[in-house]
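Note on naming: letters A, B, ... go to the chains in the order of the sequence lines (proteins, then strands), and numbering restarts at 1 for each one.
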Amino acid sequence: GDSVTQMEGPVTLSEEAFLTINCTYTATGYPSLFWYVQYPGEGLQLLLKATKADDKGSNKGFEATYRKETTSFHLEKGSVQVSDSAVYFCALSDYGGSQGNLIFGKGTKLSVKP
Amino acid sequence: DVKVTQSSRYLVKRTGEKVFLECVQDMDHENMFWYRQDPGLGLRLIYFSYDVKMKEKGDIPEGYSVSREKKERFSLILESASTNQTSMYLCASSSLGSGGGGYTFGSGTRLTVV
C-alpha cells in the first residue's frame, strides 16, 4: 500500500543553519505531495504542496521539489529561525490508491536554538 | 476565519466511561476525519466521513465509533474508554475532490484515560 517515510528526529539546529528533512514515498498512482507543520499545542497546518513531478512547492522560506525518479520530497530551508521549531509531517494523497485520503509520515521534530 | 473547532483541549476520563469528542467545521466541507497522534507513531486515521450519515473505517477503528448527523459536525465516540486510548485526537475536514491540500485541522483534544 501507499506509504511515506521521513527521517527520524529530533533534529536540533542553531539559528540560521541550513535545514533538510528527508521524505520518500511509495504510491500506486500519481500522488500529490505535501508538507504539514504542527507548532506546539496546535493542529497541523499546510506548509506547502506539489501536485506533479518536478513541481516545487514553497512557503515561508521552505521549499520541496517533487522528484518522481527518486520518489522523494525533501523539505529544505536555507536559514532556520527559532520560530520554525515544530513537528513537520510529510504526506501524500493518491486518488488511485487511497481515495484521496492523506497518508502521513511519522513526523520529524525540529528544535532551533538561538 | 474558517476553522475546525474541537470542543475540548484537554479531557480526563475514567476507564470504562463512554467518551464523546466533538468536532465542528464552518467551511461547508463534505469530508471529515478523525486521527489520533502518538509519539513515534505519527498520525493514524480512525474514521472518516464523506457525507452526512456516512462513515468509513480508517486504519485503527477498533474501540471507536463515529456519528455524523449534520454536515458540519463529526463526533468520535469511545464506547468504553481504556488507558491505551490516552492520546491526542485531531479532527480535520476537506472539500470534495480537494485531495490532501484542502485539509484543515482542529487544535486537537488531549485525552487522558485513568
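Of the two parts of A/Q38, only the side chain, counted from C-beta on, holds a non-hydrogen atom closer than 4.5 Å to a non-hydrogen atom of chain B.
Contacts with chain A were tallied for B/G106, B/G108, B/C91, B/G58; B/G106 has the most, counting heavy-atom pairs under 4.5 Å.
A donor-acceptor distance shorter than 3.5 angstrom exists from the side chain of B/R9 to the backbone of A/G41, with no hydrogens or angles considered.
Cluster annotation: B/F74 is not connected to B/M54 through the hydrophobic network of ILVMFWY side chains, with a link wherever side-chain heavy atoms come within less than 4.5 Å. Note on B/V113: it clusters hydrophobically with B/I60, by side-chain heavy-atom contacts below 4.5 Å among ILVMFWY residues. Under the 4.5 Å side-chain heavy-atom criterion for grouping Ile, Leu, Val, Met, Phe, Trp and Tyr, B/W34 is not connected to B/L90 through any hydrophobic cluster. Note on B/L76 and B/V52: separate hydrophobic clusters, where clusters join Ile, Leu, Val, Met, Phe, Trp and Tyr whose side-chain heavy atoms are under 4.5 Å apart, directly or indirectly. Hydrophobic clustering of Ile, Leu, Val, Met, Phe, Trp and Tyr side chains at less than 4.5 Å, counting indirect connections, unites A/Y66 with A/M7.
At a heavy-atom separation below 4.5 angstrom, chain A is approached by B/Q37, B/G40, B/L41, B/G42, B/L43, B/L45 within residues 36-46 of chain B. For residues 63-72 of chain B, an interface with chain A (any heavy-atom pair closer than 4.5 Å) does not exist.
Atom CD of A/E42 and atom CZ of B/F105 lie 13.5 Å apart (nearest 0.5 Å).
Other residues, nucleotides and ligands contribute more than 12 heavy atoms inside 6.0 Å of the CD atom of A/Q81. For CZ of A/F18, the number of neighbouring non-hydrogen atoms (other residues, nucleotides, ligands) closer than 6.0 Å is greater than 12. Taking a 6.0 Å sphere around NZ of A/K106, one finds it holds 12 or fewer heavy atoms contributed by other residues, nucleotides or ligands. Counting heavy atoms of neighbouring residues, nucleotides and ligands inside a 6.0 Å radius, atom CD of B/E17 exceeds 12 of them.
A heavy-atom distance below 4.5 Å is not found between the side chains of A/F34 and B/Y103.
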